[in-house]
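Note that these values count all heavy atoms, side chains included, but never hydrogens, waters or copies made by symmetry. For ligands, and for the atoms within them, numbers begin at 1 and follow the listed sequence.
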Amino acid sequence: MGSRVFRVVLIKPSHYDQDGYVIQWWRSTLPSNSLASVYGLVEECARDRVLGPDVDIEIEACDECNSIVDAKAIAKRIRAGGGGMVGLIGVQSNQYPRALDLGRQFRALDLPVVMGGFHVSGCIAMLPKLPADLQAALDLGIHLFAGEAEGRMTQLLREVAAGTAPPIYNFINDLPEMASAVVPILPREVVTRVAGHYSSFDAGRGCPFQCSFCTIINVQGRKSRYRTPDDVEAIVRGNAAQGITRFFVTDDNFARNRNWEPILDRLIQLRERDKFNIKMLLQVDTLCHRIPGFIEKAARAGCNAVFIGLENINPESLMGTKKRQNKIWEYREMLLAWRAQKVMTYAGYILGFPTDTPQSIARDIEVIKKELPIDLLEFFYLTPLPGSEDHKKLHMAGVPMEPDMNKYDLEHACTAHARMSKEDWQQVYADAWKRYYSDAHVETIMRRAVASGINVRKILDALTIFSGSARIEGVHPLQFGFLRRKLRRQRRYGMPIVNPLLFYPWRAFDWLKVAAQWLLLIRRYRRTMARVAADPAAQRYMDEALRPVSGEREADHLVEIFADKIPKTHGAPLRARAPQPALA
Ligand code: B12
Ligand code: SF4
């Protein structure tokens, strides 16, 4: 025991809903890997006693999506030990206003505050001048950290403790190696606040592709960096020692991790030989099925759900954002390959590419429903995220963009669209969820799942959440959790704190309305699933989307629909254009 304590409080901020209340839940559904990464780094500093032999570094971690931040209580604990700091972790652009408000509270209590994450890193990487919102943080005395913290935490803690930390740490052009880097970890009591007790790790960072809407390549680089199989094993063992064996592997594209095979082999060994009950969610690209053995090994290693960066099915849209690697004529083959391994598929679909119209989007969603065996589809607005090439171009050209960073959550229109008014675009977004999660299509997804042997319980839960999240809770499934909390006093800076006599009746009504909607949805989906599962013909169900790819591309209707838009690149099918389905 040292004679002094330096308390490091790590907070992953959430963001605000449209009424200015913090979006938080009794249990969130996705873990924060940024929090786990920074926690691992501070923990290493604590073990190494980097502030001197007489100073204990104690760490607290909290994800505001599932925990309430009490600034005064935190300040009391920090002071009781003799000192410390607050770290605002992994702050994305949409979380920046909330992070700034938290920073303001801690600065008013005279605590040192350091903020890092994609908003700070993306702006510093891409913009010629510090934007006004980052300047506002500096004006409050908040230190900004750009770049990755591996190998830099000792310096930071020593400088904060000594009161000599500079306003900005800029490591954006000096990316650390991942091999043998400190591994992410969180204590069990933090992980168990996520439903299903999911933890996370990144097996690599960086991506070789060049999508213009993406920030990752400008912050983490286009050269991919990887963890070693030994490090991945250490992560699994470290978590398993506290009873955690489910992971969200946050690599944006695990299929491009050069170490994918030794990593998966190691995980297979841990599962099959050492009996670790590993379950994983992976993120991959649409070409992963071309890598021999990749999908089979991923499934054997415990991958039971996969997120695929589909983005769009219109080749013109994909080319317009430099997403050249997405080949629509291979989508079905790729999706069927995952189904063959009983893995549930999620795909992201971006609305608002320059050539999109309400009619073309409606048509494309119907095409997907009919032709592609995707389980869960989630919709996003095409958004010029700070840190992306799209944002930089608009910023440099002086094109108006949404000034409120809270809206950069991919659920709002943040700039004008060439062919749709803002209202049209908003309607398109709302309609997209309704169209895809129509009762008829939900039943089709259930039938496909039963026929493919995909876990029925898992698909039922996922369908319920994805169908209800945006429509009932008004939040994207990626921000969803169980039992929404709205604290009267945790409201956006500058917005009035509502009188309790008005707030609590409103809240009770709001709560009951939402609960009733959920109960109805759950009951409806359970009944449908029971009916599907009881159907003796369910195992033999077949439709256009499940039809095996014959190899004769002549038969591929999806290709026919977009024949005149498919670029003449290597491997692309050359075809005469077939009649298109009518635009709705
Ligand atoms: C996993 C993930 C999620 C998870 C968990 C979030 C998390 N941060 O762990 C979930 C699913 C919840 C999520 C959701 C969303 N995400 Co997300 N997500 C990611 C992803 C793929 C990995 C994050 C990660 O673990 N990175 C690795 C960590 C270690 O990197 P890091 O956060 O930058 O942290 C390092 C440094 O920044 C620094 N650092 C960070 N904080 C601090 C603090 C201090 C004090 C210090 C010293 C250092 C420091 O040290 C860390 C270690 O080196 C990234 C893309 C990416 N490659 O990073 C997108 C990304 C962060 N997400 C993004 C977005 C837009 C979203 C969403 C808004 C929309 C969406 N659909 O994706 C939602 C909603 C979020 C919300 N409001 O709740 C964008 C953010 C861009 C931006 N400018 O804001 C990214 C970059 C992807 C993209 N499309 O460009 N996401
Ligand atoms: S969107 Fe995905 S594939 Fe495209 S550059 Fe970003 S990480 Fe890579």
Side-chain angles (χ1 to χ4, degrees), residues 8 10-16 23 28-38 40-42 63-65 85-96 98-99 113-123 143-153 156-157 160 169 171-172 175-176 178 181-182 184 200-202 204-220 222 224 248-253 256 281 283 285-286 307 309 311 321-323 325-326 348 350 378-380 383-388 391 405-406 408-411 475-481:
V8 181
L10 306 176
I11 301 169
K12 166 83 201 305
S14 179
H15 88 146
Y16 293 113
I23 299 179
S28 58
T29 48
L30 287 159
S32 169
N33 186 52
S34 311
L35 191 61
S37 302
V38 176
L41 294 169
V42 181
D63 180 346
E64 209 194 11
C65 298
M85 61 165 269
V86 174
L88 298 171
I89 310 300
V91 178
Q92 300 175 4
S93 301
N94 72 93
Q95 297 156 346
Y96 186 79
R98 174 62 186 159
V113 179
V114 186
M115 187 196 303
F118 259 73
H119 187 64
V120 173
S121 294
C123 289
H143 305 271
L144 300 178
F145 188 99
E148 295 176 16
E150 282 75 6
R152 279 113 199 200
M153 200 50 91
L156 178 102
L157 292 185
V160 171
Y169 286 91
F171 295 108
I172 204 78
L175 296 171
M178 293 293 287
V182 174
S200 66
F201 64 87
D202 44 358
R205 291 183 196 157
C207 175
F209 296 126
Q210 297 185 61
C211 312
S212 65
F213 55 81
C214 177
T215 63
I216 293 150
I217 39 183
N218 305 316
V219 171
Q220 298 183 331
R222 290 191 52 213
S224 300
F248 173 16
V249 182
T250 62
D251 296 35
D252 300 280
N253 192 348
R256 301 298 139 197
L281 166 63
Q283 308 197 105
D285 63 52
T286 54
F307 180 84
E311 325 301 15
T321 55
K322 299 195 197 160
K323 193 127 195 160
Q325 68 274 22
N326 277 23
I350 299 179
E378 47 185 339
F379 300 96
F380 303 102
T383 305
L385 285 170
S388 66
H391 179 266
M405 283 299 140
N406 197 64
Y408 284 68
D409 54 3
L410 277 48
E411 295 168 56
V475 298
H476 196 276
L478 282 184
Q479 294 196 61
F480 177 74

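Of the N or O atoms in His476, none lie within a sub-3.5 Å distance of an N or O in ligand 1. In terms of polar-atom proximity, Asp409 is not counted as a contact of ligand 1, lacking any N or O under 3.5 Å from an N or O of the ligand. Here's the thing with Asn94: one of its N/O atoms is less than 3.5 angstrom from an N/O atom of ligand 1. By the 3.5 Å distance cut-off applied to N or O atoms, Glu148 is not counted among the residues near ligand 1. At least one N/O-N/O distance between Ser34 and ligand 1 falls below 3.5 Å. Any N or O atom pair closer than 3.5 Å counts here, and Leu478 shares no such pair with ligand 1.
Under the 4.0 angstrom criterion, atom 19 (C) of ligand 1 counts as lacking any protein heavy-atom contact. For atom 36 (C) of ligand 1, the nearest protein heavy atom lies under 4.0 Å away. For atom 2 (C) of ligand 1, no protein heavy-atom neighbour is found at a distance under 4.0 Å.
Contact annotation: for Lys12 versus ligand 1, heavy atoms closer than 4.0 Å belong to the side chain alone.
Atoms of ligand 2 lying under 4.0 Å from any heavy atom of Asp252, numbered from 1 in the order shown and given with element: 7 (S).
For atom 7 (S) of ligand 2, the nearest non-hydrogen atom from the set Cys207, Gly206, Ser212 comes from Cys207.
In this model, a donor atom of one side chain and an acceptor atom of the other lie less than 3.5 Å apart for Glu411 and Gln479.
For the pair Arg152 and Tyr169, the cation does not sit on the ring face, since its NZ or CZ is not both under 6.0 Å from the ring centre and inside 45° of the axis.
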